Structures are given as C-alpha cells and as structure tokens.
Visitor: 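Can you keep this structure in mind? I'll have questions shortly.
For reference, positions follow the sequence shown, starting with 1. In each ligand, atom 1 is the first atom listed, and ligand 1 is the first ligand listed. Owing to the predicted nature of the structure, the values given are computational and were not obtained by experimental measurement.
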Amino acid sequence: MNYDIIIIGFGTAGKALAGTLGGDGKKVAIIEESPEMYGGACINTACIPSKTLMAEAGRGRSFKEAVARKADVVDALNEKSHKQLAENDNVDIYTNSARFKDDQTVELLEGDDTKAVITAGKIVINTGAKNMMPEIDGIDSTKNIFDPEGIMTLDDRPDSIIVLGAGYTALEFISLFSMLGTDVTVIDRSQHVLIKEDKDIGTAVYDDMVEAGIKFVSGTEALKVDNEEGHVVIETDQGTFKAEAMLVATGRKPNTEGLALQNAGVALDEDGAVEVDDHLLTTAGNIYAAGDVKGGSQFTYISHDDFRIVYDQLKGEGERTTENRGAVPYTVFIDPPFSRVGMTASQAKKKGHEVAEGNLPVREIPRHKVDDDARGVFKAVVDKDTDEILGASLYGRNSEELINIVKIAIDHGITATALKNNVYTHPTMAESFNSLFDV
Ligand SMILES: Cc1cc2nc3c(=O)[nH]c(=O)nc-3n(C[C@H](O)[C@H](O)[C@H](O)COP(=O)(O)OP(=O)(O)OC[C@H]3O[C@@H](n4cnc5c(N)ncnc54)[C@H](O)[C@@H]3O)c2cc1C
Ligand SMILES: NC(=O)c1ccc[n+]([C@@H]2O[C@H](COP(=O)([O-])OP(=O)(O)OC[C@H]3O[C@@H](n4cnc5c(N)ncnc54)[C@H](O)[C@@H]3O)[C@@H](O)[C@H]2O)c1
C-alpha cells in the first residue's frame with residue numbers, strides 16, 4: 001500500500017499531522033504500537049494523568065478517588081483521539097510496531113513477524129521518549145520499584161515512598177505524594193533542587209518542601225536496592241533508607257530502539273536523539289522527526305509546535321523553524337507551581353546584559369490573602385538599557401497561567417514598563433505585574 005505520508009507514533013505531533021493532512025485530502029498512515037497509547041504519552045501516561053492526580057489531591061480527595069478519576073479522564077481522551085483519526089476517511093491507523101526497511105518503506109510488525117509493508121515519499125518519526133532505569137545493583141529483581149507511568153497505576157497509596165531523582169518529573173511526584181499524606185524521602189545525585197533555575201527560587205522550593213515534611217538526601221549515589229519485609233531498601237553512599245515503594249524518575253531517553261533507523265539513513269546525535277535541522281528534517285532527505293524523539297525540550301506543546309514546522313514544510317512556505325518559534329515557557333506542577341520563561345538574571349549577565357531585577361514575594365500580592373497561601377516568590381529580569389523583558393521565574397499560585405503572558409510580551413517586544421502600567425483585574429495574581437515589572 002502506498003501513502004502520501006507515513007507517521008510513526010500517535011503522539012502529539014503525529015496526531016495533529018495525521019488529522020490535518022488527512023483533512024487536506026492527503027492519504028495518511030499512522031502507526032502506533034499500543035492501543036493504550038492512542039494520542040501518545042501526554043494524555044495516557046504523562047501530563048494529563050499526573051496533573052489530574054495533582055488536581056484531585058488539591059481538592060483533598062483520597063488516592064483511590066484520584067486514581068479512579070484519572071483512569072476515566074485517560075480513557076475518555078484516548079478514545080476521543082482514536083475516534084478523531086478513525087473518522088477521517090483519508091487516515092489509516094495501524095496498531096503495530098514500525099521498522100524501517102528503507103527510507104520510503106516501513107514494515108508493520110506483530111511481535112517479530114512482518115504483517116505488512118507500506119510505502120510513502122514522506123515519513124515522520126514521532127515515537128517519543130521513555131523512562132531510563134539507572135544501573136543499580138538489584139534494580140531489576142526488587143519489587144515495588146516503579147517508573148512515573150507505573151506509580152500512577154497503584155491501587156493503594158503507599159504510606160512511605162523513596163523518590164530517586166529530583167528533576168522536573170520527580171519534583172511533581174514528590175509534591176503529589178506529600179499532598180496525599182505519604183512520607184517522602186528524595187535521593188538525588190545533584191546537590192540542589194532546580195539547579196538550573198534562579199538560585200533564590202530553588203532555595204524557596206526546597207525550603208517549602210522541607211517545611212511540608214519531605215526529606216532530601218542530596219548529592220547521593222545509589223549503590224544497591226533490595227526488598228526487606230515487603231519494603232524497598234536502598235543503600236547509598238550516605239546511608240540506607242527504607243520505604244513501602246520507590247519511584248525512579250532519573251530522566252528519559254528518545255525512543256528509537258527497534259526502528260532500524262540505519263536502514264533509512266537516519267542518524268542519531270551523541271545523546272541518542274534523532275538528528276534534525278531547524279526544519280526538523282533528518283539526515284534522510286525525506287524523513288522528519290518531531291517531539292521528544294528529536295531531543296531538546298520535552299514538552300507536549302513543543303511536539304505540537306513541531307507539527308506546525310513539519311506541516312509548513314509540507315504544505316506552506318517552510319518559514320517556521322525551531323529557531324523562530326519564540327521563547328519556550330514551562331511549568332513544574334508542584335504545589336505551588338514553578339514556571340519560567342527566558343533567562344535568569346545570572347544567565348542574562350553572562351550574555352552581557354545590564355540587568356534590572358524584579359523580586360516580589362507572594363506574601364506582598366493581595367490575592368495571597370484570599371487564597372490563604374503566602375508561599376512563593378516572583379522574579380523578573382529586564383534589560384536596564386532597553387526595557388526589554390529577558391525572562392521571568394514565577395514560583396507561586398497560578399504561575400502556570402501567568403507565565404504565558406510573559407512569553408507573549410517577550411515574543412512581541414512588549415516592554416517591562418508596558419506590563420508595569422497595564423490594567424489587570426483584582427484580586428488576581430496577574431496584578432502582581434504592576435509591582436514585579438517596576439524595576
Ligand atoms: C510524568 C510526566 C509528566 C509530564 N508532564 C508534562 C506536562 O505537564 N506538560 C508538558 O508539556 N509535558 C509534560 N511531559 C512531557 C510530555 O509528555 C512529552 O513531551 C510529550 O508527550 C511528547 O510527545 P511526542 O509527540 O514526542 O510523543 P509521544 O506522546 O511520546 O508518542 C509517541 C508514540 O509513539 C509510539 N511508538 C514508539 N515507538 C514506536 C514504534 N516503533 N512503532 C510504533 N509506535 C511507536 C508510542 O507508543 C507513543 O504512543 C511529561 C512527561 C512525563 C514523563
Ligand atoms: N511539567 C512538565 O512540563 C514536565 C513534567 C515532567 C517532565 N517533563 C519533561 O520531561 C523531561 C525529563 O524530566 P526528568 O525529570 O525525567 O529528567 P531530568 O533529566 O530533568 O532529571 C533527572 C534527575 O535524576 C537525577 N539522577 C539521574 N541519575 C540518578 C541516579 N542514578 N541516582 C540519583 N539521581 C539520579 C538527576 O540528578 C536529575 O535530578 C524534562 O526535561 C521535561 O521536559 C515536563
């Protein structure tokens with residue numbers, strides 16, 4: 001069977017491309033290896049389930065209630081994603097593993113057997129990333145060790161948990177389990193949490209987590225894990241720790257295993273990600289890669305923007321690139337959330353900017369009284385000479401929404417003075433910008 005385009009992986013970019021190109025009348029094949037993953041990681045195993053659990057915990061629901069609602073949300077979104085493409089007459093969904101035969105030919109596998117072979121002039125790889133398990137003695141044979149996906153399928157809340165890692169994924173689960181009443185111990189290689197972020201904010205997050213009862217064992221190397229009386233016991237260079245369960249959140253790696261990329265002339269970079277140019281073209285001239293599999297920032301909205309770039313290559317002027325998509329904001333959904341866009345003050349100084357800094361503790365924002373939550377601090381980085389906004393790091397309630405305002409300001413050259421003098425509704429966290437940008 002020949003198609004105009006084959007998409008490997010039903011992730012964020014893949015789904016949008018298949019739907020849009022199918023709508024344009026192109027003959028599209030989309031290949032997904034698991035029916036449980038229609039719509040990709042974000043809705044099935046990552047963003048949506050984790051944020052649903054967090055929202056439920058915030059409402060004071062039990063773990064069981066939270067997990068039950070999360071399952072309903074995931075099922076509904078998975079079904080909706082499948083339906084959207086299944087109802088498109090120009091899109092064929094294949095539930096198989098894909099493997100390249102050459103740069104225009106893809107095998108559809110069931111186990112080791114080739115069930116069919118399909119061809120297309122253009123192919124998009126959107127196979128995402130998967131959790132990495134570190135090599136620790138005993139990790140494969142010890143029970144009650146979970147990755148982020150697995151920990152969200154537990155029936156009962158563990159009374160105690162060890163979290164290995166303190167990156168963005170780990171921090172969200174640390175916060176979640178702490179809110180649910182689990183005793184949390186964090187074991188991490190690095191010396192500080194949020195090491196790449198503004199130092200004061202990293203400290204504020206750490207202090208709030210310690211205040212909530214979370215225990216950190218930082219700068220630590222895990223040596224060995226085992227089970228003892230139904231618990232997980234971890235031996236480290238700073239002592240031995242024990243809990244009912246352990247979550248391993250030590251990073252993710254691009255999903256390229258089994259694709260036989262060498263058959264298509266698609267090269268990987270030194271981190272194992274598919275090598276792409278700024279139009280997302282791989283080293284094979286007719287094959288694109290989108291989303292986590294190409295490395296860089298791993299966010300669902302980046303995968304969605306990758307869809308725009310590839311679509312623009314296939315149907316538009318080819319002007320959108322990874323270089324002109326603008327500032328990329330992000331939120332770590334801890335309680336309260338931490339969000340960032342652009343540079344920190346120290347990064348801006350290193351780049352030669354004369355910096356003016358806004359620094360506003362949340363306790364000075366009127367809205368905090370209404371919410372009865374004084375935790376957090378908002379920081380802004382402004383170029384002293386030009387009034388240009390260079391970045392913002394916001395730790396506090398509603399930062400996941402506010403950061404998008406700053407992103408628009410950065411992308412469209414809206415100055416710090418403009419945000420300072422803007423009229424905002426009251427009482428909101430947004431009105432903090434009247435003070436934050438008064439630098
Ligand atoms: C716990 C967690 C929470 C997260 N929270 C957020 C968040 O709040 N906000 C955010 O923006 N990002 C978040 N992320 C990151 C986000 O999930 C990813 O960036 C996003 O899902 C990447 O999508 P993608 O398009 O690259 O592909 P994916 O959604 O990963 O889809 C790839 C698909 O390809 C399939 N596949 C793989 N290999 C093959 C093959 N050989 N043949 C056929 N099919 C194959 C897979 O089954 C999968 O369905 C989170 C990640 C994790 C782990
Ligand atoms: N809210 C969001 O948008 C969101 C949420 C979760 C993840 N993500 C995406 O997923 C990506 C991956 O995040 P991540 O947190 O999984 O990875 P990461 O690479 O950001 O963090 C890994 C952490 O594990 C630690 N570590 C590594 N090996 C270790 C070992 N053997 N022992 C102890 N500690 C060890 C590291 O010190 C680090 O703190 C992020 O870059 C982000 O883009 C996004």
Visitor: Tell me: protein heavy atom nearest atom 9 (C) of ligand 2, and distance?
Guide: Gln298 O, 3.2 Å
Visitor: Under the side chain to side chain donor-acceptor pair (under 3.5 Å) test, which residues partner Tyr94, sequence neighbours left out?
Guide: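 With sequence neighbours excluded, Tyr94 shows a side chain to side chain donor-acceptor pair (under 3.5 Å) to Tyr3, given in chain and number order.
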Visitor: Quick one: list whatever passes side chain to side chain donor-acceptor pair (under 3.5 Å) with Asp269, sequence neighbours left out.
Guide: none
Visitor: Any side-chain donor paired with an acceptor under 3.5 Å for Asp277 and Tyr288?
Guide: no
Visitor: Looking just at side-chain N and O atoms, do Thr12 and Thr300 make a donor-acceptor pair shorter than 3.5 Å?
Guide: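 Yes, because at least one side-chain N or O of Thr12 sits under 3.5 Å from a partner of the opposite role on Thr300.
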Visitor: What protein heavy atom lies closest to atom 23 (C) of ligand 2? Include the residue and the distance to one decimal.
Guide: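 Of the protein heavy atoms, Gly167 N, 3.7 Å lies nearest.
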Visitor: Select the closest option to atom 29 (C) of ligand 2 among Thr250, Val217, Val248, Val332, judged by heavy-atom distance.
Guide: Thr250
Visitor: Kindly list each side-chain donor-acceptor pair under 3.5 angstrom involving residues 216-223, sequence neighbours excluded, with atom names and distances?
Guide:
unit_1: Thr220; atom_1: OG1; unit_2: Val217; atom_2: O; d: 2.9
unit_1: Thr220; atom_1: OG1; unit_2: Ser218; atom_2: O; d: 3.0
unit_1: Thr220; atom_1: OG1; unit_2: Gln238; atom_2: NE2; d: 3.0
unit_1: Glu221; atom_1: OE1; unit_2: Arg189; atom_2: NE; d: 3.1
unit_1: Glu221; atom_1: OE2; unit_2: Arg189; atom_2: NE; d: 3.2
unit_1: Glu221; atom_1: OE2; unit_2: Arg189; atom_2: NH2; d: 3.1

Visitor: Run the contact test for Tyr330 against ligand 2 with a 4.0 Å cut-off on heavy atoms, strictly below, and give the result.
Guide: no
Visitor: Heavy atoms under 4.0 Å from ligand 1: which residues qualify?
Guide: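 Within 4.0 Å of ligand 1, the protein residues are Ile8, Gly9, Phe10, Gly11, Thr12, Ala13, Ile31, Glu32, Glu33, Met37, Gly40, Ala41, Cys42, Ala46, Cys47, Ser50, Lys51, Asn96, Ser97, Ala98, Asn126, Thr127, Gly128, Thr169, Phe173, Arg252, Asn255, Leu259, Gly291, Asp292, Gln298, Phe299, Thr300, Tyr301, Ser303, Phe333.
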Visitor: Check whether the side chains of Asp102 and Asn263 place a donor and an acceptor atom closer than 3.5 Å, and report yes or no.
Guide: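 Side chains of Asp102 and Asn263: no pair found under 3.5 Å.
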Visitor: Please classify the Ala222 to ligand 2 contact at 4.0 Å (heavy-atom distances, strictly less than): side chain, backbone, both or neither.
Guide: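 Ala222 to ligand 2: no contact under 4.0 Å from either part.
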Visitor: Are the side chains of Leu154 and Phe63 in touch, meaning some heavy atoms are under 4.5 Å apart?
Guide: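 Heavy-atom side-chain distance check passes, below 4.5 Å.
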Visitor: Say whether Asp208 and Tyr395, considering side chains only, have a donor N or O and an acceptor N or O under 3.5 Å apart.
Guide: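 A donor-acceptor contact under 3.5 Å links the two side chains.
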